[in-house]
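It should be emphasised that the depicted structure is a prediction, and the values quoted were computed from it without experimental measurement. In what follows, every chain begins at residue 1, and chains take the letters A, B, ... in the order their sequences are listed.
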Amino acid sequence: MLDVSRVQKELVECNRDESISGVSISLADGGTDLSHLRGTISGPVDTPYQGGTFVIDIRLTSGYPFEPPKMQFVTKVWHPNISSQNGAICLDILKDQWSPALTLKTALLSLQALLSAPAPDDPQDAVVAKQYLREYNTFLATARYWTEAFAKGSSSGIEEKVQKLVEMGFPENLVRSTLKMVGWEYIVYLDKLTYS
Amino acid sequence: MAAEAEASVRKRKAGEDADHGSGVDVHVEAVDSATAEPPSTEEIPKSSDDTAFNSNPNPSESFLFEDDYGYSCSCVDDGDIMKQYTDIRAVEAAKIPYLGDKEPLSSLAAEFQSGSPILQEKIKLLGEQYAAIRRTRGDGNCFYRGFMYSYLEHILDAQDKAEVDRVLSNIEQCRKTLQFLGYADFTFEDFFSIFIEQLESVLQGSETSISHEELLKRSRDQSISDYVVMFFRFVTAGEIRRRAEFFEPFVAGLSNMSVNQFVKASVEPMGEESDHVHIIALSDALGVPIRVVYLDRSSCDSSSPTINHHDFIPSSSSSSASDHLTKSRVTLLYRPGHYDILYPN
């Protein structure tokens, strides 16, 4: 059985100093299920993630707090230790180094630290890691792009692009359905084409 | 915080003394009398290593444990690996409960009958001082589980109310230490109360008092046993961090981590094995002396082997307290990578 009272205490504790820590947790989809939560992290300053707000899907198994929380980025992010495809995270404390002495808050803070200090030698996303090691400036530019496109405002970046395509003469519902079909990351490439 | 993300360089004793039990036929019956399940007469398959008794289940032969070698984790298919790891542990679990039944020391001799003559000789010597052994599961928590059962059983036998009061006051100190170090109360309070509950219930004469049988049953029940293990991990972590300066050289001898990193990587997570550092810290924090008897290949060169042991005497204890120290001592048998409980004659 999930330790409900502990999870409730964790939510209160985490959100108490949200403005200082830059991390917060709420129930996913405004539901009532304490085993499905939604964390947010603000991008650390002096990183390509600065200014972005990153949403993390959090699922707790019945073994929590003995078993680690399952965390995954919902917001697309360009980082060597986070999958650019599905948001899977490579971090030891979410795996065998988890301890009941840790909390959802400390896990989110560790993710924030991971954004500040990528470990490209131990990658989750090999493509990103390779770029980080070989073309650092391109990595920075791409990571900034992704932050702009996916982590700022709810969908303002996306809305802007949709607007642009509509202005080009494409019907809006076609634009939306196409973008959805090819995946919203298409916007990044679109940006590159439009601006380069 | 960056330290947490990086704290992943781990010490491993994988393969240490790998030929320790070579050629040994393992005869442990998986009968768990206390859980009243249908007795199984199935034996552990013969193995050429002592996998079943090592906390780290022989990573040298299996790709499943490759993350034990590298820096941090191998993230590709990690979920699958984790699942397989869990499955393997579950298979191990079916073989040996968290705590086995009390067995005569001759069962240990039987285990080594075709093994090293020196170890056989040592077991014979062991038999002069110790009557029985109680095995613990090799899941990395064996030291804490062995300590838990051995200590609580001692209180149950001795009905030493003064000792319980003394330990309770030490536990209060541990609680303050954790608060001082910045642990949120809710992270440790449940673990503390479950241990205190067990400690109080082994004293007879109240409605919640329990028998030996019930103590064994609880020690085998994950929902109690794991909580108590985690309680000890909190106590150990708090003590090491509180006296970081004292423990720093010990930690440096084991790893290249800082004290705080070491605690995060090798004390707080479940399943992380215990070393001298952990034993010193737990013994000091609770004020409970621990004797560890070594069944290994040390002093094997001499013509007359001897059994080595080390007494961990709590640093806070005064000489006048030495009387209660010997009475409340926990005795564990150490084989490379594993601890079992020993019973003196």
Classify the side-chain pair Tyr151(B)/Gln198(B) by whether it contains a donor and acceptor separated by less than 3.5 Å. no
Checking Phe234(B) against chain A: side chain, backbone, both or neither under 4.5 Å from a heavy atom? side chain
More than 12 non-hydrogen atoms from neighbouring residues, nucleotides or ligands closer than 6.0 Å to NZ on Lys70(A), yes or no? no
Suppose we call two aromatic rings close when their centres sit under 6.0 Å apart. Are Tyr144(B) and Tyr339(B) close by that rule? no
Which answer fits Phe191(B), side chain, backbone, both or neither, if we ask what part of it has an atom under 4.5 Å from a heavy atom of chain A? side chain
Looking only at side-chain N and O atoms, does Gln97(A) offer a donor or acceptor that is under 3.5 Å from a partner on Glu268(B)? no
Taking atom types as modelled and ignoring hydrogens, do the side chains of Arg175(B) and Tyr183(B) form a donor-acceptor contact shorter than 3.5 angstrom? no
By a 4.5 Å heavy-atom criterion (distance strictly below it), what part of Asp185(B) contacts chain A: side chain, backbone, both, or neither? neither
Using non-hydrogen atoms only, which part of Asn81(A) is less than 4.5 Å away from chain B: side chain, backbone, both, or neither? neither
Cation-pi, Phe186(B) ring and Arg6(A) (6.0 angstrom, 45 degrees): no
Best-contacting candidate, Pro100(A), Pro65(A), Ser116(A), against chain B by heavy atom pairs under 4.5 angstrom: Pro100(A)
So for Glu10(A), is it side chain, backbone, both, or neither that comes closer than 4.5 Å to the heavy atoms of chain B? both
What part of Glu189(B) lies closer than 4.5 angstrom to a heavy atom of chain A: side chain, backbone, both or neither? side chain
